[in-house]
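Since this is a predicted model, take the numbers as computed values, not measurements. Convention: sequence-line order gives letters A, B, ...; per-chain numbering from 1.
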Amino acid sequence: QKEVEQNSGPLSVPEGAIASLNCTYSDRGSQSFFWYRQYSGKSPELIMSIYSNGDKEDGRFTAQLNKASQYVSLLIRDSQPSDSATYLCASWGNYGQNFVFGPGTRLSVLP
Amino acid sequence: EAGVAQSPRYKIIEKRQSVAFWCNPISGHATLYWYQQILGQGPKLLIQFQNNGVVDDSQLPKDRFSAERLKGVDSTLKIQPAKLEDSAVYLCASSLVGTGVAFFGQGTRLTVV
């Protein structure tokens with residue numbers, strides 16, 4: 001059973017701080033990892049993808065992957081109230097080619 | 001570029017009734033997913049199509065749920081008969097084959113009373 005685990009939160013950070021979201025996965029065959037943001041009542045939207053070990057930066061977002069530890073993280077720098085949402089971590093394996101989503105971490109950025 | 005289209009947006013039915021949802025993926029996306037998202041949980045895959053073939057339906061409750069994608073484009077998901085625990089948002093997503101990057105539709109919020 002492929003599983004992706006996340007702390008459900010809520011994670012509260014003050015405006016301007018760094019928010020750190022973490023995710024672990026059970027299937028070592030997973031090839032790719034994604035972070036989706038989901039606002040309340042809306043559908044998930046892709047914000048970051050990462051395929052190889054290390055860091056990947058895109059604007060205020062940095063994704064980190066450590067395949068040996070089966071660990072993925074998302075850092076949000078200079079957090080804004082508009083970043084308040086649920087962040088879903090997902091793994092994807094080439095052989096099955098389907099996504100396994102974690103339960104999501106609810107982030108609240110306080111003005 | 002048009003996104004993934006779903007309808008209806010909302011549906012309220014009584015238990016034991018039937019309901020159907022429709023999805024039109026992004027043009028050119030051969031892979032189509034149906035997910036069920038219960039409030040407070042992450043999306044759970046129900047079924048994955050590649051063109052008009054089923055890739056994975058291991059978590060689809062086949063005694064009451066069915067899905068088809070006859071011409072490899074649009075898809076319908078049906079529930080018959082519905083149970084109270086089927087109340088959820090049903091999300092359709094699509095992607096190019098082998099990319100792993102999925103785009104979601106707005107979802108259909110189903111309430112079973």
Choice from P43(B), G105(B), S58(B) maximising heavy atom contacts with chain A below 4.5 Å: P43(B)
Same cluster or not: are [X] and [Y] linked, directly or through other Ile, Leu, Val, Met, Phe, Trp or Tyr residues, by side-chain heavy atoms under 4.5 angstrom apart?
X       : Y      : answer
V19(B)  : L46(B) : yes
V100(A) : W35(A) : yes
Y39(A)  : I76(A) : no

Taking side chain as everything from C-beta outward and backbone as N, CA, C, O, which of these in A102(B) sits under 4.5 Å from a heavy atom of chain A? Side chain, backbone, both or neither.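 Both parts, heavy atoms under 4.5 Å.
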Q41(B) portion near chain A, given a 4.5 angstrom heavy-atom threshold: backbone
Shortest non-hydrogen pair, G42(B) vs L88(A), comes out as CA-CD2, 4.1 Å
Using a 6.0 Å cut-off, check whether atom [atom1] of [X] has over 12 heavy atoms from anything other than its own residue.
X      : atom1 : result
L39(B) : CG    : no
K15(B) : NZ    : no
K62(B) : NZ    : yes
K11(B) : NZ    : no

Would you compute the distance between atom [atom1] of [X] and atom [atom2] of [Y] and round it to the nearest 0.5 angstrom?
X       : Y       : atom1 : atom2 : answer
F104(B) : Y36(A)  : CZ    : OH    : 5.5 Å
E45(A)  : F103(B) : CD    : CZ    : 11.0 Å
Q38(A)  : Q37(B)  : CD    : CD    : 4.0 Å

So V101(B) and F34(A), do their side chains get closer than 4.5 Å, heavy atoms only?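 They are in contact (side-chain heavy atoms under 4.5 Å apart), so the answer is yes.
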Can you tell if the side chain of S43(A) reaches within under 4.5 Å of the side chain of V89(B), non-hydrogen atoms only?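 A side-chain contact is absent here, since even the closest heavy-atom pair is not under 4.5 Å.
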